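See structure below.
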Amino acid sequence: MPQFNDTELTAAVIDSFEETPDPRAKFLLQELVKSLHEYVRKTDLTFEEWEYAIDFLTRTGQKCTPIRQEFILLSDVLGVSMLVDAVNHREREGATETTVLGPFYVGEHKQMPHGTDISANLPGERMFVQSRVTDLKGKPLAGVPVDVWHADDDGFYDSQKASYATQGPSSRARFVTDADGRFFFRTILPCSYPIPTDGPVGEMILQTRRHPMRPAHVHFLANARGYEPLITHVFIDGDKYLDSDVVFGVKNDLIAKIEKRTDAVMPDGKPATTPWHLMTYEFHMKPGQGTAPQPLGVKATEDA
Ligand code: BEZ
Ligand code: FE
């Protein structure tokens with residue numbers, strides 16, 4: 001019966017993965033053991049603290065449903081999501097910056113005609129979004145599906161509301177770029193909002209005296225064949241939380257100036273009945289491969 005001191009224990013656990021057939025899985029597991037053991041040694045972790053951590057992770061899992069992902073939220077607030085983003089996007093070469101997917105990429109993104117008001121029944125200041133998708137040289141990319149989603153005027157996503165089950169998606173849609181790489185739609189001006197604080201991750205944020213806010217933004221996921229999937233947000237310039245996003249997701253190039261307009265027609269020639277805002281942003285895609293994530297709860301299909 002082998003008996004180990006604490007450093008021999010680490011070596012023995014690392015060694016126990018030696019026969020793992022997949023070399024990458026073996027590497028990841030052995031490095032994980034090294035880092036976890038190092039953490040326990042460095043902190044002299046007590047039994048109570050270890051039990052607390054197990055309970056915290058158990059509650060995090062129990063909070064997950066097909067449309068609520070508490071583990072993504074945990075990864076986001078610990079900066080792990082942005083670190084994975086950073087190590088995978090070191091060379092942007094002029095491509096649009098990326099940021100977190102977040103936990104609210106849920107449900108269906110139904111394709112809608114350009115110009116659709118995706119927040120038609122919601123209160124809020126009206127906004128027209130006009131955009132274009134190009135390659136790194138500015139060549140328009142046609143036929144690219146672009147998923148968009150954002151929070152309402154109270155700071156909630158559709159999937160956080162009881163009405164989601166009966167009324168389906170709102171403030172989320174898919175647009176497909178035209179021959180000139182363009183797409184456009186109507187919506188409301190989003191506001192800054194707190195991440196969910198009714199679960200273990202939100203409790204941790206509040207107990208550690210961090211604020212739970214994200215600056216106002218619209219999410220975009222563009223998925224063009226032959227290009228890296230682009231997962232990003234466009235942030236609203238002037239938001240008071242741009243410097244302290246709870247998930248560390250802001251990048252300067254993703255902040256857009258939103259123009260306040262009083263013209264009687266919007267850029268697609270249709271009438272505007274109230275003053276409105278104009279968001280203009282162009283996305284530049286980097287050649288490459290990759291599979292865009294599926295919305296939570298949606299099964300992958302062959303040509304998705
Ligand atoms: C979001 O922007 O939807 C989001 C991202 C990370 C954590 C919580 C929300
Ligand atoms: Fe968001």
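Every value quoted in this text rests on a predicted model; they were computed, and no experiment measured them. The first residue in the sequence is number 1, and the count goes up from there. All heavy atoms count here, side chains included; hydrogens, waters and symmetry mates do not. Both counts, for ligands and for their atoms, begin at 1 and track the order of listing.
Side-chain contact annotation: T96 with H284, donor-acceptor N/O pair under 3.5 Å absent.
Salt-bridge check for R261 with D263: passed, with a basic side-chain N closer than 4.0 Å to an acidic carboxylate O. With salt bridges taken as basic N to acidic carboxylate O contacts below 4.0 Å, none links D147 and R172. The pair D135-K137 does not meet the salt-bridge criterion, since no charged nitrogen lies less than 4.0 angstrom from a carboxylate oxygen. Checked for salt-bridge contact, E70 and R68 meet the test: a charged N lies under 4.0 Å from a carboxylate O.
Take the Fe ion (ligand 2) as the corner point: the lines to NE2 of H217 and to OH of Y193 open at 90°, to the nearest 10 degrees. Geometry note: the Fe ion (ligand 2) is the vertex, Y157 OH and H219 NE2 are the arms, and the angle is 90° (rounded to 10 degrees).
Of all protein heavy atoms, the one closest to atom 3 (O) of ligand 1 is Y193 OH, 2.9 Å.
Judged by the shortest distance from any of its heavy atoms, Y157 lies inside the 4.0 Å radius around the atoms of ligand 1.
When non-hydrogen atoms are compared, ligand 1 lies under 4.0 Å from neither the backbone nor the side chain of F248. Contact annotation for L73 and ligand 1: only side-chain heavy atoms (C-beta onward) come within less than 4.0 Å of the ligand.
Between the OG1 atom in T99 and the NE2 atom in H233 there is a gap of 4.5 Å [rounded to 0.5 Å]. Of the inter-residue distances, the one linking R41 atom CZ with L36 atom CG reads 11.0 Å to the nearest 0.5 angstrom.
Per-residue contacts place H219 under 4.0 angstrom from the following atoms of ligand 1 (heavy atoms of the residue considered): 1 (C), 2 (O), 3 (O). Within ligand 1, counting atoms from 1 as listed, the ones closer than 4.0 Å to a heavy atom of R214 are 1 (C), 2 (O), 4 (C), 5 (C), 9 (C).
Summarising the contacts of atom 9 (C) of ligand 1 with S75, P212, P103, G102, the nearest heavy atom is found in P103.
Considering backbone and side-chain N/O atoms, D76 never comes within less than 3.5 Å of an N/O atom of ligand 1.
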